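So you know, we letter chains A, B, ... as the sequences are listed, proteins then strands, and number each from 1. Predicted, not measured: the structure shown is a model, and the values here were computed from it.
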Amino acid sequence: MTSSDHWWVGVPAQAADAHLLADLDAALAGSGRRAVWVQTHVDRSGPAPVVTASWQLDDGPALPAGLLGDTARPVDEVPVDGRVVRFPGSDAVPARITVAQLLATTAVDRVVGIGAPASPEDVVDTVDGYLRPVRHPDGVELLVDPAGPGTWRPVEISSPHECCGGHG
Amino acid sequence: MGHDHGHPHDHEHDHQHDHGPVEGSWRDERADDPLSVSRRQFLTRAALVAGATAGAGVLGTGLAAAAPGGGPGRPGPRPQPVNPWSGGARFYAGDHHIHTQFSPDAQYTVETQVAKGREYGLSWVVITDHGSVAHQKFSIDQVTPNIEASRTAYRDMLVFQGLEWNIPGAEHATLFLPPGRNTVDILRAFELAYDGSVLAASGVIPGANAVQGEPYAVQALQYLDQQVRSGRTDIALMFANHPSRQGIDSPHELRAWRDAAPAVAVGMEGAPGHQAAGIPTAAGGPGSARGYYDRSPNPNSFPGYAPTATENPYRTYGGFDWMTAKVGGVWDSLLAEGKPWWVTSTSDSHQVWRDTRIPGTQDYATTGSRGAPVDTGSPITTYGDFWPGQYSSTLVAARAKNYVDVMRGLQSGQVVAVHGRLIDGLDVRVRATRGDGDARGVTLGGRTFVARGGDIRVDITIDRAAGPNSSGQVPQLAKVDLISGPVTGPVADRDTLSAPQTRVVQTFDTTRPAGRQVRLQYTFRDVQQSFYLRLRGSDGKQLVGVDPTMDAIGNEDPFADLWFYANPVFVDVV
């Protein structure tokens with residue numbers, strides 16, 4: 001149950017990325033383990049969408065029962081179609097990085113340009129190092145929009161334009 | 001004013017407001033004069049009768065308009081054409097999406113926005129500050145006299161009072177009424193009862209965008225429809241704003257609004273505002289996404305709108321919303337049902353690119369206003385908007401330049417969405433030229449008919465831009481696409497988002513001959529099935545094949561990628 005082979009799924013108390021990561025890290029503090037992959041999903045099976053999370057821990061000591069909350073449970077397969085919030089290499093992504101460097105330094109498997117292929121020497125303008133690739137059955141994919149010659153912008157950025165003070 | 005309603009030359013009169021009191025104003029001194037009231041009621045009835053023809057397309061449901069009395073093997077009565085072509089229709093440019101200091105994220109006075117719209121050639125504007133608790137409580141009472149004052153100060157401008165409604169469970173929408181005794185009361189009651197942010201603040205729904213709000217959106221539109229039916233207002237209209245920006249206007253919601261109140265919920269922004277937002281930082285622009293369309297799916301987004309390797313519904317295409325820009329996309333899927341749904345183009349003006357002003361310092365939440373804007377003296381390059389009319393125009397054919405007639409023009413779909421003055425005018429006539437049918441024909445937003453096997457001819461006359469747009473260049477229309485698809489009736493799956501049989505049937509090269517007008521013609525021969533057709537045109541500067549390119553983030557000169565989109569004509573094959 002505590003091997004790094006296992007993924008966990010749960011319904012986070014707070015769905016926002018920063019809260020999700022902080023809550024997970026706080027729960028694991030002092031346990032000798034860390035969540036190295038964290039993903040979010042949207043469960044649309046009910047009347048209203050619910051954000052769920054999945055994560056994988058690194059190797060380490062056995063976890064005390066219930067440490068990760070009531071809803072958390074281990075699963076046998078890697079949850080796919082997740083929006084990846086944390087992944088190996090995600091904490092050190094610069095504002096601008098070439099496609100080749102991004103693939104070499106992070107767990108992103110491919111960068112897919114919308115409407116045209118992204119070349120290895122093209123630049124991904126992450127704005128501030130923020131990346132939210134998506135895990136598909138065949139790998140972790142970063143979808144990017146054209147942003148000028150030889151430049152791409154991830155489809156999801158950290159701070160899109162906020163309308164009416166963010167209440168829109 | 002308005003004395004010549006019903007005369008065929010109404011459209012020549014665009015100057016009725018040069019003298020005398022402001023028509024329809026609740027400050028109109030004649031409003032309490034019994035003679036005036038009866039005259040007003042007469043005019044209202046005249047407008048309703050006039051609207052009965054124009055509005056049939058709005059109220060009719062697809063093929064039901066054709067041969068309602070016909071039984072098997074027996075021809076029914078001849079269908080009634082909708083929006084009959086008359087030639088020489090007069091268009092009025094306007095903007096139905098404008099913010100002022102009475103929005104928390106905007107800054108200008110009403111007077112400034114009206115004056116700028118007038119300067120850039122608009123005839124009508126709608127003031128649409130964001131709905132909210134503070135707006136409902138504090139802003140309405142302040143904006144109302146400001147709008148009245150602007151009507152008086154600019155007698156040749158129609159200044160509508162409206163609201164940018166937070167549609168419960170969805171995006172924003174323009175909602176507006178003509179001036180009238182009950183206008184402010186209706187707007188105030190509507191916002192209190194049905195604005196998504198007000199409902200969320202009172203705990204009725206978990207959030208303005210939450211799916212739990214969807215039934216309230218339908219009730220809201222039914223409420224407005226009831227205000228019209230009960231005579232409290234002559235007309236009320238709703239246009240869905242920036243529909244693809246967050247992917248939260250699902251196809252079933254668009255259909256639910258349209259079907260709940262087809263005379264009120266009549267369309268959407270074909271192009272969002274904020275068209276300066278994509279100007280590169282290197283060119284002194286904000287370097288954001290055109291239209292501020294820089295978002296991605298969130299938990300409330302419709303999953304069918306997912307970005308893929310081939311398209312991103314969350315971005316603009318040639319400055320237009322993906323629903324409108326994609327041939328065979330969401331807009332076409334609505335039209336293929338045979339029901340009206342019109343597109344427009346607006347400024348969404350909050351803060352104008354290179355303007356020198358910043359918002360006032362007043363606390364919006366407790367006062368409903370930002371106060372007077374403060375002039376910094378230096379152009380601000382991070383702003384992403386244009387002034388009303390500076391870039392985006394919605395051209396509306398109206399019988400006369402008055403509040404109700406402009407709204408009836410919008411309601412009837414005699415509307416063209418234009419960017420950067422790509423064209424100055426468009427006359428479209430669609431008629432039966434072979435076989436039993438409507439030989440006179442109809443124009444934009446209309447519905448005509450022909451017997452099966454007949455021919456339908458489309459005659460298009462475009463007025464090229466007669467002068468420079470606001471960038472100083474005279475735009476050149478390079479091509480026009482005629483787009484058509486079969487009318488296949490109401491969809492079984494209300495989330496249908498494509499019309500796979502709709503396609504570009506002809507692309508006309510309009511680079512030559514030069515001259516003031518472009519005349520185009522196309523004939524659909526031996527028609528076997530009811531269909532619709534529509535037009536769009538471009539300066540040809542950014543194309544993939546015949547289609548617009550997806551706008552690049554932070555790299556879009558809006559004046560180097562101009563389009564117009566005209567609203568459809570339906571053809572019933574009987």
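Residues A/R153 and B/G287 share a closest heavy-atom pair of NH2-O, 4.0 Å. Residues A/A48 and B/Q212 share a closest heavy-atom pair of CB-NE2, 3.4 Å. Taking both residues in full, the closest heavy atoms of A/H161 and B/R295 are given as O-NH2, 2.9 Å, listed atom of the first, atom of the second, then distance. Scanning all heavy atoms of the two residues, the minimum distance from A/I114 to B/T308 falls at CG1-O, 3.3 Å.
Around CZ of A/F87, the count of heavy atoms belonging to other residues, nucleotides or ligands within 6.0 Å exceeds 12. In this structure, B/R494 places its CZ atom where more than 12 heavy-atom neighbours from other residues, nucleotides or ligands lie under 6.0 Å away. A/E77 CD: 12 or fewer foreign heavy atoms inside a 6.0 Å radius. For A/D70, the CG atom is loosely surrounded, since the number of other residues' heavy atoms within 6.0 Å does not exceed 12.
Looking at B/T310, the atoms closer than 4.5 Å to chain A (heavy atoms on both sides) all sit in the backbone: N, CA, C or O. For chain B, the nearby part of A/P47 is the backbone; its heavy atoms alone come within less than 4.5 Å. Residue A/R132: no heavy atom, backbone or side chain, is found under 4.5 Å from chain B. In this structure, chain A has no heavy atom under 4.5 Å from any part of B/S132. Contacts of A/V51 with chain B are made by side-chain atoms alone, with heavy-atom separations under 4.5 Å and no backbone atom involved. Interface residue B/E311: only backbone heavy atoms are found under 4.5 Å from chain A.
Interface remark: of the candidates B/N300, B/V544, B/V211, B/N298, B/V211 forms the most heavy-atom pairs closer than 4.5 Å to chain A. For the set A/V42, A/T151, A/T40, the entry with the most heavy-atom pairs within less than 4.5 Å of chain B is A/V42. For chain A, the option among B/A210, B/P303, B/P280, B/S288 with the highest count of heavy-atom pairs below 4.5 Å is B/P303.
The side-chain contact (heavy atoms from CB on, under 4.5 Å) test with B/P307 singles out one residue from A/L143, A/V134, A/V112, A/V144, and that residue is A/L143.
At a threshold of 4.5 Å between non-hydrogen side-chain atoms, the residues B/N555 and A/P149 count as touching.
Residue A/D125 holds its CG atom at 9.5 Å from CD1 of B/I553, rounded to the nearest 0.5 Å.
Although no hydrogens or angles enter the test, the distance criterion places no donor-acceptor pair under 3.5 Å between the side chain of A/R44 and the main chain of B/F302.
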